[in-house]
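To start, the structure under review is shown below, and the notes come after it.
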Amino acid sequence: MAYLDVQRSITGGIQVSEETPNGVPVGGGQLPNGEAYTGSTSDPSEQEQWTGLRELTDEEIDELAKAMVRQVKLRGPFLSLSEFINRRLDRNSNDFSLKGALQAAIDDQSCSINEGFRSRDRQFSTKERSYMSAVFPEAMDGPVAYGSSAYVDQADILRNFAEQLTPRGDTFVIRTYGDSLDANGNVRARAWCEAVVQRTPDYVEPMKPNSTSGSGDTPETKQTNLTSAANKTFGREFKIIGFRWLNASEI
């Protein structure tokens, strides 16, 4: 990992140095101004935390993964990549409206990535909060350093694999084969076919518009809350969106 050596650059021009971090470096810049920094200190005057990228340990990544699983169970299923990343405009849940699943996992008390920023002296004081006229006052909660280079947020995590980040594919190509045998077991004919099958957000028995009977379920209904016996057994609806016969040369 390359970084700009600030102290050397002050006296001798631009000096780019290299290091091999032990953990996973994350941050908002391409060329940090110091070596990677491990952990989050509760002391805001420690200079190194503001100059280099953060270096996440295997333990911190494991904690984040477990916290992420809890958020997926709490908020899922996600109907789009946007719904996974962004906060929800849900007036019935301030927790969902405040932040998305990944940021909520990072801020989980069991995740120690930003633990040093949770001390009282690194939060907005009551007096400071009184100066902020926010329609959504809960948005003022959290560390003062949020958005700085020292604080790891969801953008820092997503930036590392943004080019590979895509929604899970729910379209499948299925090929099958069959033959016809005569009385002696000899093959008389063979056939191959290919189907393109797509899983949809709707359940097998969807909730009908303006339904008063209560049969069927909406796409956002969790499996544990399904009311339809068919949906509990078969889940989401699959549709065949393409079909063709194949030649032997295509196999």
Side-chain angles (χ1 to χ4, degrees), residues 61-111 136 138 153-179 190-247 250-251:
I61 294 174
D62 286 343
E63 292 169 355
L64 176 59
K66 293 175 182 178
M68 191 69 243
V69 170
R70 287 192 291 273
Q71 289 298 322
V72 170
K73 290 182 177 180
L74 180 65
R75 300 165 181 251
F78 302 98
L79 302 183
S80 67
L81 185 59
S82 174
E83 188 176 8
F84 169 73
I85 295 175
N86 298 325
R87 65 190 182 95
R88 291 183 180 176
L89 301 180
D90 184 356
R91 64 177 59 190
N92 296 318
S93 174
N94 284 346
D95 290 338
F96 290 179
S97 298
L98 184 61
K99 62 190 73 173
L102 180 54
Q103 188 61 55
I106 295 172
D107 294 340
D108 191 296
Q109 293 295 319
S110 66
C111 186
F136 192 9
E138 290 85 351
D153 60 24
Q154 67 174 16
D156 297 325
I157 303 295
L158 294 171
R159 187 177 291 109
N160 281 353
F161 53 92
E163 296 176 351
Q164 293 81 35
L165 188 63
T166 60
R168 184 188 69 181
D170 278 338
T171 303
F172 312 91
V173 177
I174 301 174
R175 287 184 171 183
T176 187
Y177 157 82
D179 54 32
R190 288 176 174 168
W192 299 265
C193 67
E194 176 186 276
V196 179
V197 181
Q198 188 173 74
R199 177 167 44 197
T200 70
D202 292 321
Y203 284 101
V204 171
E205 186 178 3
M207 175 71 75
K208 296 180 176 60
N210 303 320
S211 173
T212 58
S213 63
S215 62
D217 298 283
T218 57
E220 63 271 16
T221 304
K222 294 183 178 181
Q223 290 183 331
T224 54
N225 297 330
L226 293 175
T227 60
S228 166
N231 294 339
K232 292 179 181 179
T233 303
F234 300 107
R236 311 279 174 177
E237 181 181 15
F238 286 78
K239 292 183 178 180
I240 298 177
I241 61 175
F243 179 86
R244 70 187 183 105
W245 295 102
L246 301 174
N247 296 318
E250 296 181 85
I251 304 302

How long is the span from the CG atom in Asp156 to the CD1 atom in Ile106, to the nearest 0.5 Å?
7.5 Å
Minimum heavy-atom separation for Ala105 and Ala67, please, with both atom names.
O-CB, 3.6 Å
Any side-chain heavy-atom pair of Leu102 and Met68 under 4.5 Å:
yes
Say whether, by atom type as modelled, one donor and one acceptor occur between the side chain of Lys222 and the main chain of Lys73 under 3.5 angstrom.
yes
Quick test of your reading: applying ring-ring contact (aromatic ring centres under 6.0 Å, His included), list the pairs with at least one residue in residues 61-95, sequence neighbours left out, ordered by first then second residue.
Phe78-Phe84
When rounded to the nearest 0.5 angstrom, what is the spacing between CZ in Arg190 and CG in Leu246?
14.5 Å
Glu250 side chain reached by Arg244 side chain, heavy atoms, under 4.5 Å:
yes
Test your reading of the model: is there a side-chain donor-acceptor pair from Asp170 to the backbone of Gln198, 3.5 Å cut-off?
no
Residues Ser82 and Asn86: side-chain donor-acceptor under 3.5 angstrom
yes
Do the non-hydrogen side-chain atoms of Thr171 and Val196 ever get within less than 4.5 Å of each other?
yes
Do the non-hydrogen side-chain atoms of Arg199 and Phe172 ever get within less than 4.5 Å of each other?
yes
Closest non-hydrogen atom pair between Gln71 and Ala101, with its separation
CG-O, 3.5 Å
For Phe238, does the CZ atom have more than 12 heavy-atom neighbours from other residues, nucleotides or ligands under 6.0 Å away?
yes
Do Pro219 and Arg236 make a side-chain contact, defined as non-hydrogen atoms from C-beta onward lying under 4.5 Å apart?
yes
I'd like to check Arg75 versus Arg88 (side-chain heavy atoms, cut-off strictly below 4.5 Å). Are they in contact?
yes
Ignoring hydrogens and geometry beyond distance, is a side-chain donor-acceptor pair present between Asp202 and Thr200 at under 3.5 Å?
no
With side chains defined as the heavy atoms from C-beta onward, is the minimum distance between Arg175 and Trp192 less than 4.5 Å?
no
Do other residues, nucleotides or ligands put more than 12 heavy atoms under 6.0 Å from the CD1 atom of Ile240?
no
Would Thr221 and Thr218 count as a side chain to side chain contact (heavy atoms under 4.5 Å, CB included) here? Give the steps.
CA-CA 6 Å; Thr221 304; Thr218 57; 2.9 Å; yes
Heavy-atom distance under 4.5 Å between the side chains of Lys232 and Tyr203, does that happen here?
no
Just verifying a value: how many Å separate Cys111 SG and Lys66 NZ, rounded to the nearest 0.5 Å?
11.0 Å
Measure the spacing between CZ of Phe96 and CZ of Arg87 and express it to the nearest 0.5 Å.
14.0 Å
CG/Asn231 to CG/Leu226 distance, rounded to the nearest 0.5 angstrom?
5.5 Å
Of all residues at least two apart in sequence or in a different chain, which pass the side chain to side chain donor-acceptor pair (under 3.5 Å) check with Thr224?
none
Crowding at CD, Gln223 (>12 non-hydrogen neighbours, <6.0 Å)
no
What distance do Asp153 atom CG and Lys99 atom NZ have between them, rounded to the nearest 0.5 Å?
11.0 Å
